[in-house]
Amino acid sequence: MNGITESDPVLDEVIALGIDYEVMPCNPTVADTADFCTFYGINPSDSANAILVAGKAREGRDRPYALCLVLATQRLDVNGTVWKQLGSRKASFAGAEETIQLTGMQIGGVTPFGLPEGADIPIWVDKDVLTRDRIVVGGGSRDRKLLLPPIGLLALPSAQIIDGLARVVPSPEN
(Lines give C-alpha, C1' and ligand atoms only; values in the text may rest on other atoms or scores of the structure.)
Protein backbone atom coordinates (compact mmCIF):
# COMPACT_ATOMS: atom_id res chain seq x y z
CA MET A 1 0.00 0.00 0.00
CA ASN A 2 1.30 3.44 -0.85
CA GLY A 3 -0.93 5.22 1.67
CA ILE A 4 -2.74 7.16 -1.05
CA THR A 5 -6.50 6.83 -0.95
CA GLU A 6 -8.56 7.28 -4.07
CA SER A 7 -11.05 10.14 -3.99
CA ASP A 8 -14.75 9.26 -4.10
CA PRO A 9 -16.57 12.22 -5.70
CA VAL A 10 -20.01 11.04 -4.54
CA LEU A 11 -19.14 10.67 -0.85
CA ASP A 12 -16.80 13.68 -0.97
CA GLU A 13 -19.69 15.90 -2.08
CA VAL A 14 -22.19 14.45 0.42
CA ILE A 15 -19.69 15.04 3.23
CA ALA A 16 -18.78 18.55 1.99
CA LEU A 17 -22.49 19.47 1.96
CA GLY A 18 -22.86 18.26 5.56
CA ILE A 19 -25.60 15.74 4.74
CA ASP A 20 -26.34 12.97 7.23
CA TYR A 21 -26.13 9.77 5.21
CA GLU A 22 -25.65 6.03 5.38
CA VAL A 23 -24.04 3.87 2.69
CA MET A 24 -26.10 0.78 1.92
CA PRO A 25 -24.09 -1.97 0.20
CA CYS A 26 -25.96 -3.40 -2.78
CA ASN A 27 -25.61 -6.54 -4.82
CA PRO A 28 -25.05 -5.07 -8.34
CA THR A 29 -27.40 -7.64 -9.88
CA VAL A 30 -30.33 -6.09 -7.95
CA ALA A 31 -29.34 -2.42 -8.27
CA ASP A 32 -32.34 -1.45 -10.39
CA THR A 33 -34.91 0.14 -8.08
CA ALA A 34 -37.73 -2.41 -8.19
CA ASP A 35 -35.31 -5.32 -7.74
CA PHE A 36 -33.43 -3.48 -4.98
CA CYS A 37 -36.58 -2.66 -3.01
CA THR A 38 -37.87 -6.23 -3.26
CA PHE A 39 -34.52 -7.86 -2.42
CA TYR A 40 -33.73 -5.60 0.56
CA GLY A 41 -37.29 -5.06 1.82
CA ILE A 42 -37.30 -1.31 1.16
CA ASN A 43 -40.65 0.44 0.70
CA PRO A 44 -40.59 1.85 -2.88
CA SER A 45 -42.13 5.03 -1.46
CA ASP A 46 -38.84 5.53 0.38
CA SER A 47 -36.72 5.17 -2.74
CA ALA A 48 -36.06 7.84 -5.36
CA ASN A 49 -34.97 7.22 -8.94
CA ALA A 50 -32.39 9.56 -10.46
CA ILE A 51 -33.20 9.71 -14.17
CA LEU A 52 -31.19 11.61 -16.76
CA VAL A 53 -33.42 13.16 -19.42
CA ALA A 54 -32.44 14.82 -22.67
CA GLY A 55 -34.23 17.38 -24.76
CA LYS A 56 -34.03 17.74 -28.49
CA ALA A 57 -31.18 20.03 -29.52
CA ARG A 58 -32.13 23.24 -31.25
CA GLU A 59 -30.11 24.77 -34.03
CA GLY A 60 -26.96 26.35 -32.61
CA ARG A 61 -27.55 24.98 -29.12
CA ASP A 62 -26.34 21.95 -27.20
CA ARG A 63 -28.80 19.25 -26.28
CA PRO A 64 -30.37 20.19 -22.90
CA TYR A 65 -30.21 17.71 -20.01
CA ALA A 66 -31.59 17.43 -16.50
CA LEU A 67 -31.25 14.85 -13.74
CA CYS A 68 -34.70 14.22 -12.29
CA LEU A 69 -35.44 12.61 -8.91
CA VAL A 70 -38.84 11.02 -8.43
CA LEU A 71 -40.21 8.48 -5.98
CA ALA A 72 -40.05 4.89 -7.19
CA THR A 73 -43.84 4.69 -6.86
CA GLN A 74 -44.25 7.45 -9.45
CA ARG A 75 -43.39 7.98 -13.10
CA LEU A 76 -41.51 10.91 -14.53
CA ASP A 77 -43.74 13.16 -16.65
CA VAL A 78 -41.37 13.27 -19.63
CA ASN A 79 -44.03 14.32 -22.15
CA GLY A 80 -45.40 17.11 -20.00
CA THR A 81 -43.51 18.83 -17.22
CA VAL A 82 -40.02 17.67 -18.27
CA TRP A 83 -40.01 18.88 -21.86
CA LYS A 84 -41.57 22.18 -20.82
CA GLN A 85 -38.90 22.68 -18.11
CA LEU A 86 -36.17 21.82 -20.61
CA GLY A 87 -37.53 24.39 -23.04
CA SER A 88 -37.39 21.74 -25.71
CA ARG A 89 -39.86 20.53 -28.31
CA LYS A 90 -39.27 16.96 -27.23
CA ALA A 91 -37.69 15.07 -24.32
CA SER A 92 -36.71 11.47 -23.69
CA PHE A 93 -34.84 9.29 -21.23
CA ALA A 94 -31.11 9.41 -21.90
CA GLY A 95 -29.73 6.04 -22.95
CA ALA A 96 -27.34 3.94 -20.88
CA GLU A 97 -24.22 5.03 -22.79
CA GLU A 98 -25.25 8.69 -22.79
CA THR A 99 -25.88 8.48 -19.03
CA ILE A 100 -22.42 7.02 -18.41
CA GLN A 101 -20.79 9.62 -20.66
CA LEU A 102 -22.45 12.59 -18.89
CA THR A 103 -22.58 11.39 -15.29
CA GLY A 104 -19.80 8.80 -15.12
CA MET A 105 -22.37 6.43 -13.58
CA GLN A 106 -24.26 3.37 -14.74
CA ILE A 107 -28.04 3.22 -14.61
CA GLY A 108 -28.92 1.64 -11.27
CA GLY A 109 -26.28 3.72 -9.52
CA VAL A 110 -26.96 7.24 -10.79
CA THR A 111 -27.06 9.90 -8.09
CA PRO A 112 -27.10 13.69 -8.11
CA PHE A 113 -23.98 13.72 -5.94
CA GLY A 114 -20.50 13.70 -7.43
CA LEU A 115 -21.44 14.62 -10.97
CA PRO A 116 -18.35 15.38 -13.08
CA GLU A 117 -16.98 18.89 -12.81
CA GLY A 118 -18.37 21.04 -15.60
CA ALA A 119 -21.29 18.66 -16.26
CA ASP A 120 -23.68 21.60 -15.76
CA ILE A 121 -26.72 19.35 -15.36
CA PRO A 122 -29.63 20.88 -13.43
CA ILE A 123 -31.10 18.65 -10.73
CA TRP A 124 -34.87 18.59 -10.51
CA VAL A 125 -36.53 17.07 -7.46
CA ASP A 126 -40.22 16.22 -7.49
CA LYS A 127 -41.91 17.82 -4.47
CA ASP A 128 -43.23 14.43 -3.29
CA VAL A 129 -39.67 13.21 -2.67
CA LEU A 130 -39.46 15.78 0.14
CA THR A 131 -42.45 14.28 1.96
CA ARG A 132 -40.45 11.21 3.06
CA ASP A 133 -38.43 11.05 6.30
CA ARG A 134 -35.47 9.37 4.57
CA ILE A 135 -34.96 8.18 1.03
CA VAL A 136 -32.70 5.77 -0.77
CA VAL A 137 -30.91 7.17 -3.83
CA GLY A 138 -28.20 5.80 -6.08
CA GLY A 139 -24.72 5.74 -4.64
CA GLY A 140 -22.71 6.45 -7.79
CA SER A 141 -22.23 2.78 -8.65
CA ARG A 142 -24.38 -0.33 -8.82
CA ASP A 143 -22.82 -1.77 -5.64
CA ARG A 144 -24.17 0.81 -3.18
CA LYS A 145 -27.06 3.13 -2.40
CA LEU A 146 -27.27 6.14 -0.10
CA LEU A 147 -29.89 6.58 2.62
CA LEU A 148 -30.40 10.23 3.54
CA PRO A 149 -32.97 12.85 4.49
CA PRO A 150 -34.49 14.16 1.25
CA ILE A 151 -33.84 17.77 2.27
CA GLY A 152 -30.16 16.92 1.70
CA LEU A 153 -30.87 16.93 -2.04
CA LEU A 154 -31.61 20.64 -1.82
CA ALA A 155 -28.08 21.28 -0.53
CA LEU A 156 -26.91 20.69 -4.11
CA PRO A 157 -26.31 24.07 -5.77
CA SER A 158 -28.25 23.25 -8.95
CA ALA A 159 -31.18 21.47 -7.23
CA GLN A 160 -34.70 22.79 -7.74
CA ILE A 161 -38.05 21.53 -6.49
CA ILE A 162 -40.36 20.96 -9.44
CA ASP A 163 -44.07 20.49 -8.76
CA GLY A 164 -45.67 17.91 -11.06
CA LEU A 165 -42.37 16.39 -12.21
CA ALA A 166 -43.86 12.95 -11.58
CA ARG A 167 -47.25 11.31 -11.81
CA VAL A 168 -48.64 8.70 -9.43
CA VAL A 169 -48.77 5.26 -11.02
CA PRO A 170 -52.30 3.87 -10.76
CA SER A 171 -52.53 0.57 -8.92
CA PRO A 172 -53.47 -2.50 -11.03
CA GLU A 173 -56.90 -2.67 -9.32
CA ASN A 174 -57.92 0.76 -10.68
Side-chain angles (χ1 to χ4, degrees), residues 5-53 65-78 81-82 85 93-94 96 99-100 102-117 119 121-172:
T5 57
E6 200 171 308
S7 177
D8 183 325
V10 171
L11 296 183
D12 290 349
E13 184 167 28
V14 172
I15 291 166
L17 293 171
I19 299 168
D20 176 36
Y21 74 97
E22 178 183 329
V23 174
M24 300 175 69
C26 175
N27 178 330
T29 64
V30 294
D32 295 323
T33 305
D35 295 337
F36 173 83
C37 289
T38 299
F39 190 82
Y40 291 102
I42 303 292
N43 182 338
S45 296
D46 292 328
S47 183
N49 289 320
I51 304 163
L52 185 67
V53 292
Y65 291 94
L67 186 64
C68 302
L69 283 104
V70 299
L71 293 175
T73 54
Q74 299 184 342
R75 295 293 171 255
L76 188 62
D77 186 13
V78 177
T81 305
V82 172
Q85 283 289 130
F93 297 104
T99 298
I100 291 169
L102 289 168
T103 68
M105 302 172 213
Q106 290 183 330
I107 292 174
V110 177
T111 186
F113 301 103
L115 293 172
E117 201 168 306
I121 301 170
I123 298 164
W124 298 340
V125 181
D126 184 77
K127 68 174 181 54
D128 290 345
V129 171
L130 301 174
T131 66
R132 310 309 296 174
D133 291 330
R134 291 179 74 74
I135 56 164
V136 175
V137 297
S141 64
R142 291 182 61 86
D143 65 355
R144 71 180 182 193
K145 302 285 184 183
L146 300 177
L147 178 65
L148 51 89
I151 197 74
L153 297 168
L154 300 183
L156 291 158
S158 67
Q160 299 175 17
I161 300 169
I162 306 292
D163 190 13
L165 191 61
R167 302 268 183 242
V168 175
V169 177
S171 64

Next item on the list: Please lay out, stage by stage, how Q160 and I123 fare under the test side chain to side chain contact (heavy atoms under 4.5 Å, CB included).
Entry: CA-CA 6 Å; Q160 299 175 17; I123 298 164; over 6 Å; no
Next item on the list: Please step through side chain to side chain contact (heavy atoms under 4.5 Å, CB included) for the pair M24 and F36, ending with a clear verdict.
Entry: CA-CA 11 Å; M24 300 175 69; F36 173 83; 4.0 Å; yes
Note to self: Run the side chain to side chain contact (heavy atoms under 4.5 Å, CB included) test on T99 and Q106 for me, step by step, so that the C-alpha distance in whole Å, both residues' side-chain angles and the decisive distance to 0.1 Å come before the verdict.
What the structure shows: CA-CA 7 Å; T99 298; Q106 290 183 330; over 6 Å; no
Next item on the list: Check step by step if side chain to side chain contact (heavy atoms under 4.5 Å, CB included) holds for S7 and D12.
Entry: CA-CA 7 Å; S7 177; D12 290 349; 2.5 Å; yes
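When every heavy atom of E13 is checked against every heavy atom of L156, the shortest pair comes out as OE2-CD2, 3.4 Å. Here the shortest heavy-atom pairing between C37 and P44 reads SG-CA, 3.9 Å. Closest non-hydrogen pair, D77 versus R167, comes out as OD2-NH2, 2.8 Å. Between L153 and A159 the shortest heavy-atom distance is O-CB, 3.3 Å. Looking at every heavy atom in both residues, V10 comes nearest to G139 through CG1-O, 3.6 Å. Between A155 and L17 the shortest heavy-atom distance is O-CD2, 3.5 Å.
With sequence neighbours excluded, the residues satisfying side-chain contact (heavy atoms from CB on, under 4.5 Å) with P116 are A119.
Within the structure, the side chain to side chain donor-acceptor pair (under 3.5 Å) test picks out the following pairs touching residues 135-152 (sequence neighbours left out): D8-R144, D32-R142, S141-D143. Evaluation of the side chain to side chain donor-acceptor pair (under 3.5 Å) test over residues 41-53, restricted to residues two or more places apart or in two chains, returns T33-N49, N43-S45, D46-R132.
Side-chain contact between Y65 and L102: present, with at least one pair of heavy atoms (C-beta onward) separated by less than 4.5 Å. In this structure the side chain of I15 reaches within 4.5 angstrom of the side chain of Y21, judged on heavy atoms. By the 4.5 Å heavy-atom criterion applied to side chains, W124 and V70 are not counted as neighbours. Taking 4.5 Å as the limit, every side-chain heavy atom of I162 sits out of range of all side-chain heavy atoms of K127. By the 4.5 Å heavy-atom criterion applied to side chains, L148 and D20 are not counted as neighbours.
A distance of 10.0 Å separates CG in D35 from CG in N27, rounded to the nearest 0.5 Å. Between atom CD1 of residue I42 and atom SG of residue C26 there is a gap of 10.0 Å, rounded to the nearest 0.5 Å. To the nearest 0.5 angstrom, I161 atom CD1 is 5.0 Å from L130 atom CG. For the atom pair CG (L146) and CZ (F113), the distance works out to 7.0 Å, reported to the nearest 0.5 Å.
In this structure, the side chain of T111 engages the main chain of G138 through a donor-acceptor pair within 3.5 Å.
No option in T81, L165, L69 other than L165 meets the side chain to side chain contact (heavy atoms under 4.5 Å, CB included) test with L76. C68 pairs in a side chain to side chain contact (heavy atoms under 4.5 Å, CB included) with only one of the listed residues (L52, V53, V125), which is V53.
Between R75 and D126 there is no salt bridge, since none of the side-chain N atoms of the basic residue sits less than 4.0 Å from a carboxylate O of the acidic one.
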